[in-house]
Enquirer: 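Have a look at this one.
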Amino acid sequence: MPDDGTQPAEQGRLIVLSNRIPKGDDVPAGGLVFALHEALTDAGGIWVGAGTPGETAEDGLTPLASGDYERMTFELTKQEHRGFYLGYSNGVLWPLFHHRADLLDIQEGEFDAYAVVNARVARSLAAILRPDDMVWIHDYHFLMVASELRKLGVTNRIGLFLHIPIPTVNDVMALPESKQVAGWFAAHDLVGLQTRRDVAAAFDILRHDDRTQLLNDGTWVREGRAFKVLSFPIGIDAKAFAETAERSVVPQLLLDRRAPLLIGVDRLDYSKGLVHRFQAFGEYLHRREDLSIRPTFLQIAPVSREDVSAYQEIREELERTSGSINGAHADLDWTPIRYIRRHIDRDRIAALYRRADVAMVTPLADGMNLVAKEFVAAQDPEDPGVLILSVFAGAAEQMQEALMINPHDQASGAEAIATALAMPLEERKRRHEALREGVFAEDVAWWTRSYLAELRRSSRSLDMSGLDSVEGSIGT
Ligand code: ADQ
């Protein structure tokens, strides 16, 4: 039988944990939630996520309606939601892991709420686990769940996949709990990251922990437990997305192919580099010699996490920047930046990608960035658009045929826009073909299979015989 991550019943169930979980029948297409839905539809199992915050919270899981797999929620109070989710997860860990230690908002009691919720989730999971079940934990909301499970005596295989980048050792030192971080990772059997660059950063963090050693086969050991840290770049359902793009309808207003269209699609987040992107476009407009070229830059960026103060600030800054660029360049019949804060249907987005001549995917830090892959999948191979990609997107490691830019350097972005808009068809096709091949081959099903196959391969107890430590000795 091929070890491809599909799950025969006798090997136990797959238990997936993520903060967000679809509560009704509709599973939002795209992003993490969609990827997990795909994984569970294939493998079966149980998906556990956060319930609606209430006045009190008890241990245990509440079943939701199930289909191909079961869904359950854990409880948390409104106060815990503030401390665990808005506070420690999104006000501390998110900026830290996106290299923005300057934005850390460390508030008393928030880490405690994080620890309390992680411990309750662990107890609730432990209560349903059977000996052969595999646990797959997602993202920064649950970094302590595995160590809490181990404290409860759970020996099941436990994997973590972090969708966001890994901080530098220096950044980690800004965390009051910095000394615990290596232990959190080490409680898993497999830590999956988006890129090789993230794996190198995680190795750095682990090397700085006195109790963690690297063996010569690439396995790490801490306090008698072995674990691995490897990269598994997440993909999209490329085939389905391409089909959606082909059959969806572009709004009439944007159909005039004589006016070049640039597109950006992001959650409104400071990590996405939106202000820098607008400034690069402004710089392009400023440098442009042929004033008859009047491109429109359509930025779709619905607000997210509005309860976190850094998100209110980025929104205001973005509005100021687009206003000032439009003020400098707009004409009676031309608005250079069209900035839409509304949520747009996925079908519409797919059609807009296909219509666009250029996509700007220019984050300052991003675990992967699925928009880059969606844009490529949506293109007409006979007349494809051009992807401008930041070197700081995780996607950059796989998508070298994009036009790479440094988002901190306005000139780099402005030049890339000029190059993209003038790129001959042959070069567009050549670059797109190479990108498309990667996006289709390493899709979301490939990602799930590779991760789960590796987690299944990991041994549940450490056999250290015959393995030499590369850095320091074992067990001293
Ligand atoms: P996100 O930070 O949410 O995800 P991203 O990878 O770009 O970022 O995924 C966003 C998804 O939402 C895409 O599928 C996109 O099409 C969709 N989307 C964005 N804006 C939208 C809008 N206005 N309307 C409708 N849909 C919209 C985190 C990490 C990423 C990592 C993913 C998956 O931050 O780096 O790639 O998880 O691992």
Side-chain angles (χ1 to χ4, degrees), residues 17-20 32 49-50 53 57 74 76-122 137-148 160-188 191 193-194 198 201-202 204-206 208-209 266-274 303-315 317 363-368 392 394:
L17 171 67
S18 72
N19 188 62
R20 280 182 59 204
L32 180 156
F74 63 83
L76 75 173
T77 65
K78 287 179 183 156
Q79 197 179 352
E80 284 170 351
H81 174 76
R82 275 195 295 279
F84 150 75
Y85 179 74
L86 298 174
Y88 199 73
S89 296
N90 285 321
V92 176
L93 293 177
W94 179 274
L96 187 86
F97 279 57
H98 286 86
H99 315 300
R100 293 297 304 270
D102 58 309
L103 292 178
L104 284 195
D105 184 12
I106 297 171
Q107 300 290 338
E108 207 180 334
E110 291 185 342
F111 172 69
D112 295 340
Y114 184 86
V116 163
V117 172
N118 272 241
R120 181 180 311 121
V121 171
I137 300 172
H138 287 265
D139 242 0
Y140 55 100
H141 312 90
F142 301 112
L143 295 181
M144 296 174 74
V145 166
S147 54
E148 292 296 324
L160 170 71
F161 187 81
L162 258 189
H163 292 257
I164 61 177
I166 287 284
T168 64
V169 176
N170 270 357
D171 288 340
V172 172
M173 285 196 283
L175 198 66
E177 297 74 32
S178 60
K179 295 244 177 320
Q180 300 183 35
V181 172
W184 295 343
F185 286 150
H188 304 87
V191 176
L193 305 173
Q194 300 273 27
D198 291 320
D204 235 14
I205 294 170
L206 294 169
H208 276 76
D209 179 68
D266 308 75
R267 253 185 329 98
L268 183 50
D269 192 297
Y270 48 80
S271 66
K272 302 290 182 184
L274 294 167
V303 287
S304 67
R305 304 177 190 166
E306 276 193 292
D307 301 332
V308 181
S309 65
Y311 287 76
Q312 292 152 16
E313 284 158 28
I314 179 76
R315 175 177 164 174
E317 201 182 347
L364 305 175
D366 216 334
M368 175 54 59
F392 301 112

Enquirer: Can you give me the closest heavy-atom contact between Ala122 and Val145, atom names plus distance?
Expert: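 The answer is CB-O, 3.8 Å.
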
Enquirer: Give, for atom OG of Ser178 and atom CG of Asn170, the distance between the pair rounded to the nearest 0.5 Å.
Expert: 11.0 Å

Enquirer: Heavy-atom distance under 4.5 Å between the side chains of Ile314 and Asp269, does that happen here?
Expert: no

Enquirer: For Phe111 and Phe84, run side chain to side chain contact (heavy atoms under 4.5 Å, CB included): C-alpha distance rounded to whole Å, both residues' side-chain angles, the deciding distance at 0.1 Å, then the answer.
Expert: CA-CA 7 Å; Phe111 172 69; Phe84 150 75; over 6 Å; no

Enquirer: Is any side-chain heavy atom of Arg120 closer than 4.5 Å to a side-chain heavy atom of Phe74?
Expert: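 Contact flag for Arg120/Phe74 side chains = no.
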
Enquirer: Under 4.5 Å between any side-chain heavy atoms of Pro53 and Thr77, yes or no?
Expert: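 Pro53 vs Thr77: side chains apart.
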
Enquirer: Go through the steps for Leu160 and Leu143 under the test side chain to side chain contact (heavy atoms under 4.5 Å, CB included), then give the verdict.
Expert: CA-CA 8 Å; Leu160 170 71; Leu143 295 181; 4.1 Å; yes

Enquirer: Find out whether Phe97 and His163 are in side-chain contact, i.e. whether some heavy atom of one side chain is under 4.5 Å from a heavy atom of the other.
Expert: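 SC-SC contact between Phe97 and His163 ruled out.
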
Enquirer: Within a strict 4.5 Å, meaning less than it, do heavy atoms of the Phe185 and Leu162 side chains meet?
Expert: yes

Enquirer: Mind checking whether Ser271 and Leu364 have side chains closer than 4.5 Å, heavy atoms only?
Expert: no

Enquirer: Would you indicate whether the side-chain heavy atoms of Tyr114 and Ser89 approach each other to under 4.5 Å?
Expert: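 A side-chain contact exists here, since the closest heavy-atom pair is under 4.5 Å.
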
Enquirer: Where does the angle between the aromatic ring planes of His81 and Tyr85 fall among parallel (under 30°), tilted (30 to 60°) and perpendicular (over 60°)?
Expert: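 Judged by the thresholds at 30° and 60°, the geometry between His81 and Tyr85 is parallel.
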
Enquirer: Can you see which heavy atom on Ala50 is nearest to which on Leu76, and at what distance?
Expert: CB-CD2, 4.5 Å

Enquirer: Output, in order, the C-alpha distance, side-chain angles, deciding distance and verdict of side chain to side chain contact (heavy atoms under 4.5 Å, CB included) for Asn19 and Asp139.
Expert: CA-CA 8 Å; Asn19 188 62; Asp139 242 0; over 6 Å; no

Enquirer: Kindly determine whether Asn90 and Tyr311 satisfy side chain to side chain donor-acceptor pair (under 3.5 Å), including the steps that lead there.
Expert: CA-CA 10 Å; Asn90 285 321; Tyr311 287 76; 5.4 Å; no

Enquirer: Heavy-atom count check: over 12 atoms from other residues, nucleotides or ligands less than 6.0 Å from Arg100 CZ?
Expert: yes

Enquirer: Nearest 0.5 Å, please: how far is CD1 in Ile164 from CG in Leu93?
Expert: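 The CG atom of Leu93 sits 7.0 Å away from the CD1 atom of Ile164.
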
Enquirer: Just how far is it from atom CD of Gln107 to atom OH of Tyr88, taken to the nearest 0.5 Å?
Expert: 13.0 Å

Enquirer: Report the distance from atom CG of Asp204 to atom CG of Asp198, rounding to the nearest 0.5 Å.
Expert: 12.0 Å

Enquirer: Can you give me the closest heavy-atom contact between Ile137 and Ala146, atom names plus distance?
Expert: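 Residues Ile137 and Ala146, closest heavy atoms: CD1-N, 4.1 Å.
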
Enquirer: Answer yes or no: are there more than 12 heavy-atom neighbours, outside Gln79 itself, under 6.0 Å from its atom CD?
Expert: no

Enquirer: So which atom in His98 and which in Pro165 form the shortest heavy-atom distance, rounded to 0.1 Å?
Expert: NE2-CD, 3.4 Å

Enquirer: Applying ring-ring contact (aromatic ring centres under 6.0 Å, His included), name anything that partners Phe392, two or more places apart in sequence or on another chain.
Expert: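 If we apply the ring-ring contact (aromatic ring centres under 6.0 Å, His included) test to Phe392, skipping adjacent residues, the hits are His408.
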
Enquirer: How close do Ala201 and Ile166 get, counting heavy atoms only, and between which atoms?
Expert: CB-CG2, 3.5 Å

Enquirer: Indicate yes or no: at least one non-hydrogen side-chain atom of His99 is less than 4.5 angstrom from one of Asp171.
Expert: yes

Enquirer: Under the criterion side chain to side chain contact (heavy atoms under 4.5 Å, CB included), I'd like the reasoning laid out for Trp94 against Tyr270: C-alpha separation, chi angles, the key distance, then a yes or no.
Expert: CA-CA 11 Å; Trp94 179 274; Tyr270 48 80; 3.2 Å; yes

Enquirer: Working to the nearest 0.5 Å, report the span between NE2 of His188 and OG of Ser147.
Expert: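 Rounded to the nearest 0.5 Å, the NE2-OG separation comes out at 7.5 Å.
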
Enquirer: Atom CD of Glu177 and atom CE of Met144: how far apart are they, to the nearest 0.5 Å?
Expert: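 Here the interatomic distance stands at 8.0 Å.
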
